[in-house]
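Let me begin by presenting the structure, written as structure tokens, before commenting on it.
Atoms within a ligand are numbered from 1 in the order they appear, just like the ligands themselves. Quick note: numbers below take in every heavy atom, side chains included, and nothing from hydrogens, waters or symmetry partners. Keep in mind that what you see is a predicted model, and the values were worked out from it rather than measured.
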Amino acid sequence: MLNGKNVVLGVCGGIAAYKSVEIVSRLKKLGAEVDVIMTESAEKFVAPLTFRSISHNPVITDMFAEPINYDIKHISLSQKADILVIAPATANIIGKIANGIADDMLTTTVMATKAKVLIVPAMNVNMYENVIVKNNIEKLKKLGYGFMEPDTGMLACGVNAKGRMPEPQSVIEAIVDTMAVKGDMKNIRVLITAGPTREAIDPVRYITNHSSGKMGYAIAKAAQKRGADVSLVSGPVSIEKPEKITVYNVISADEMFLKVNELYEPADIIIMAAAVADYKCSVVADTKIKKSSDELTLSLVKNPDIAYSIGKKKGKRVMVGFSAETNDLYKNAKSKLENKNMDMIVANDLTKEGAGFNCDTNIVSIIGNNGEILELPIMPKEKVADEILNYAVRVYYQKKESNT
Ligand code: C5P
């Protein structure tokens, strides 16, 4: 998963430093190359030798040590890093970075790097809640530094409060998510459905819904940016065709069904974001229906369920569905997830302001088939798209690893 990626891990002086050994071990197992930089006080908690043995790389502790090879370490590591992670990060290091202080190997590397920086604070609750620390974190967040929230639990000082470093697995997930911006979907083939479908009544009229296609198109663009090979089966929308994405335009649910069944085979991830009409007219009039009687009854029959048909034969593919609801959000979404054999479903409550059809934002929860629920705040559809892809990519690799 992290093959060929360079992670530089900064370790500061906190009791949680022992957990960072496990982080290095997991990063190595995922294929990453890891360089560890320790602050002077970190060495009081864990010996550099421990990190050296696990990372198989010399551990950098002293800025003025004789170089092992003749490059200037803080420059070479800052350039080599695909991501710089600081875990645990103390109030001290956060304060130094926020104020541009570069007085040891770790802070110098942070100042010199252009890579993403992910900071994982761990400290006493009163320190974490200190307004100076809070302001420093806010300042750094605004500058684009990534932060993880500390966990709540027993702290080294004996109180049960917020301040614990998150468990290594969560840190790994945050690292993977943070790096996601850079080609993490290379060689992954994604098939997406988007937009509404139109079900003809006669040659001039049709039944449809309010779907704009924005969510599905945002996912397609985000996946393409992340290196995926994207095919998009789109109902009628008024969005410009995105670059470098193969778009198959369809009108009705029947056409979408045929196209998706024709294209699903090579896909690794299938994302069903289309709002497919559930019913179509049982007979489509050949000529325009005339305004004659006072009442007109249309007879409707069920459309094929595309997601259901693919879910039955999806094999190793990751299938992502959507569930737009006006009531019983989780109950309805979970039953669709099960019925259609999806790996995950994106549930949105259409009654909320800023969610659903025809707007630029969305408020969704992602539900995994393991029961996990990830509730996301209101955010632009582009950001929602990335969150959905982060989750889908994680499931893709989990499936790949476990061979299911
Ligand atoms: O059952 P419901 O239509 O609400 O399920 C929504 C999910 O199923 C969405 O992911 C949608 O794209 C997909 N779907 C489909 N074919 C249908 C109806 C829905 O693929 N005929």
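Listed by chain and number, M272, A274, V276, D278, P304, D305, I306, A307, G321, F322, K336, K340 each place a non-hydrogen atom less than 4.0 angstrom from ligand 1.
At a threshold of 4.5 Å between non-hydrogen side-chain atoms, the residues M165 and K19 count as touching. Residues V318 and D343 meet the side-chain proximity criterion, which asks for heavy atoms closer than 4.5 Å.
The closest side-chain donor-acceptor pair between D349 and T351 falls under 3.5 angstrom. Checking K141 against N136 by side-chain atom types alone, no donor-acceptor pair falls below 3.5 Å.
Shown are I310, I271, L263; of these, the side-chain contact (heavy atoms from CB on, under 4.5 Å) with L191 is made only by L263.
Under a 3.5 Å cut-off, the side chain of N57 and the backbone N or O of V34 do form a donor-acceptor pair.
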